[in-house]
Enquirer: 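Would you mind keeping the following structure in view while I ask a few things?
Since the model is a prediction, treat every value here as computed from it, not as a measurement.
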Amino acid sequence: MLSHISQFTTWPILTGILIGYVANRIMSGEGKGCCMNLIIGIVGSYVGTFIGNLLNVDLAGLGYLSNFIFCVVGSVVTLWLWRNIWL
């Protein structure tokens, strides 16, 4: 039972860090650290899912790569909004 819990929490955290890292590299050319990358990756994943819903794209059946791309796009949009609205 504990292995299932660790698998359920480990992959989203690692994926969030990777998504945030890729988005930070696209926007600024450098990473911001694990915690900031994780936050950007999680928020960007929700934004990417929202963008997919706006475009009427069913992300549930498209596979991991297309979901990853939508999450990175959402993270880039999140970083762009963060820089242009709050900074």
Side-chain angles (χ1 to χ4, degrees):
M1 181 175 169
L2 293 177
S3 65
H4 177 68
I5 292 171
S6 67
Q7 183 181 12
F8 180 72
T9 56
T10 303
W11 283 113
I13 290 172
L14 292 177
T15 305
I17 291 171
L18 182 64
I19 289 168
Y21 177 76
V22 170
N24 277 317
R25 295 289 292 190
I26 289 171
M27 291 298 290
S28 66
E30 61 184 29
K32 302 292 184 195
C34 285
C35 291
M36 189 62 164
N37 286 339
L38 177 62
I39 292 168
I40 295 296
I42 290 171
V43 172
S45 296
Y46 284 111
V47 173
T49 303
F50 179 73
I51 291 170
N53 287 335
L54 287 177
L55 298 174
N56 291 327
V57 177
D58 184 22
L59 293 174
L62 288 180
Y64 185 75
L65 183 62
S66 58
N67 285 327
F68 184 80
I69 291 170
F70 268 94
C71 291
V72 168
V73 168
S75 295
V76 168
V77 168
T78 301
L79 285 172
W80 184 82
L81 287 172
W82 177 265
R83 289 187 183 155
N84 290 322
I85 292 176
W86 285 284
L87 295 179

Enquirer: Please table the atom pairs, donor to acceptor, closer than 3.5 Å between any side-chain atom in residues 65-75 and protein atoms at least two apart or in another chain.
Expert:
| from | atom 1 | to | atom 2 | distance (Å) |
| --- | --- | --- | --- | --- |
| S66 | OG | L62 | O | 3.3 |
| S66 | OG | G63 | O | 3.2 |
| N67 | ND2 | L59 | O | 3.3 |
| N67 | ND2 | G63 | O | 3.1 |
| S75 | OG | I40 | O | 3.3 |
| S75 | OG | C71 | O | 3.0 |

Enquirer: Please say yes or no: joined through hydrophobic side-chain contacts below 4.5 Å, possibly via intermediate residues, are W82 and I85 part of one cluster?
Expert: yes
Enquirer: Roughly how far, to the nearest 0.5 Å, is the OG1 atom of T78 from the CE atom of M27?
Expert: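 So the gap between those two atoms works out to 10.0 Å.
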Enquirer: CG of L38 to CG of L14: how many Å apart, nearest 0.5 Å?
Expert: 9.5 Å
Enquirer: In terms of hydrophobic clustering (I, L, V, M, F, W, Y; side-chain heavy atoms under 4.5 Å; direct or indirect links), are I17 and Y46 co-clustered?
Expert: yes
Enquirer: Going from CG on L55 to CZ on F50, what distance comes out if it is rounded to the nearest 0.5 angstrom?
Expert: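 Interatomic distance, L55 CG to F50 CZ, rounded to 0.5 Å: 10.0 Å.
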Enquirer: Are any non-hydrogen side-chain atoms of T15 and I19 less than 4.5 angstrom apart?
Expert: yes
